[in-house]
Amino acid sequence: MVNYAVTPMAGHFAQEGRSYALVAACAAGATLLLVRAVAGAAWCPYGLVVAATCLLHELAVLVLLAHALTLAHARVPRAPTTSPPSPPSPRAN
C-alpha cells in the first residue's frame with residue numbers, strides 16, 4: 001500500500017484533482033473480500049463491493065477480470081455439489 005502512495009501516477013492524479021481514492025479503496029476491499037471468500041467466507045459481500053466499484057468507475061471492471069484470472073491461475077476448486085448416487089452396475093455372468 002505504501003508503494004501505491006509514492007507512485008508518480010497516483011501523485012499526478014491527486015494534484016490534478018481527479019480523485020480515484022474511493023475506487024482504489026473499493027478495489028483493495030474487494031481483493032480482501034476475495035481472499036476471505038476463497039478461504040470459506042460468503043461471496044455476497046465480495047459481489048456487492050465489486051459491483052459498487054464498477055459503478056464508481058468504468059475501468060474498475062478490470063479488477064473483476066484480474067480477480068477471475070487470479071482464481072483461474074490459483075485453480076481454486078468450486079464448492080462441492082451433491083449429486084445423487086449412481087446406480088450399481090449390472091454384474092456380467
Side-chain angles (χ1 to χ4, degrees):
M1 206 57 149
V2 174
N3 290 338
Y4 179 75
V6 297
T7 307
M9 288 297 280
H12 170 71
F13 285 118
Q15 291 175 358
E16 192 177 272
R18 297 177 62 191
S19 176
Y20 291 105
L22 187 57
V23 176
C26 286
T31 304
L32 175 67
L33 290 172
L34 174 71
V35 170
R36 288 184 180 177
V38 168
W43 285 90
C44 185
Y46 168 75
L48 291 173
V49 171
V50 167
T53 306
C54 292
L55 288 174
L56 289 172
H57 196 279
E58 63 273 1
L59 291 179
V61 175
L62 296 175
V63 171
L64 183 62
L65 177 65
H67 288 169
L69 290 174
T70 301
L71 291 176
H73 180 69
R75 297 183 183 180
V76 174
R78 293 184 181 205
T81 58
T82 58
S83 58
S86 57
S89 59
R91 297 182 104 194
N93 288 332

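The heavy-atom pair separating L56 from C26 by the smallest distance is CD1-SG, 3.8 Å. Contact between V49 and G29 at its shortest, heavy atoms only, is CG1-C, 4.3 Å. Nearest approach of A37 to A42, heavy atoms of both residues: CB-O, 3.9 Å.
With a 4.5 Å cut-off on side-chain heavy atoms, T53 and V23 count as touching. Within the 4.5 Å cutoff, the side chain of Y46 has no heavy atoms near those of the R36 side chain.
Using a 4.5 Å cut-off between side-chain heavy atoms of Ile, Leu, Val, Met, Phe, Trp and Tyr, with links allowed through other members, V63 and V50 fall into different hydrophobic clusters. A continuous path of Ile, Leu, Val, Met, Phe, Trp and Tyr side chains, each step under 4.5 Å between heavy atoms, connects L64 with L71, placing both in one hydrophobic cluster.
Residue L34 holds its CG atom at 5.0 Å from CH2 of W43, rounded to the nearest 0.5 Å. In this structure, the separation between CG on L69 and CG on L62 is 10.5 Å, given to the nearest 0.5 Å.
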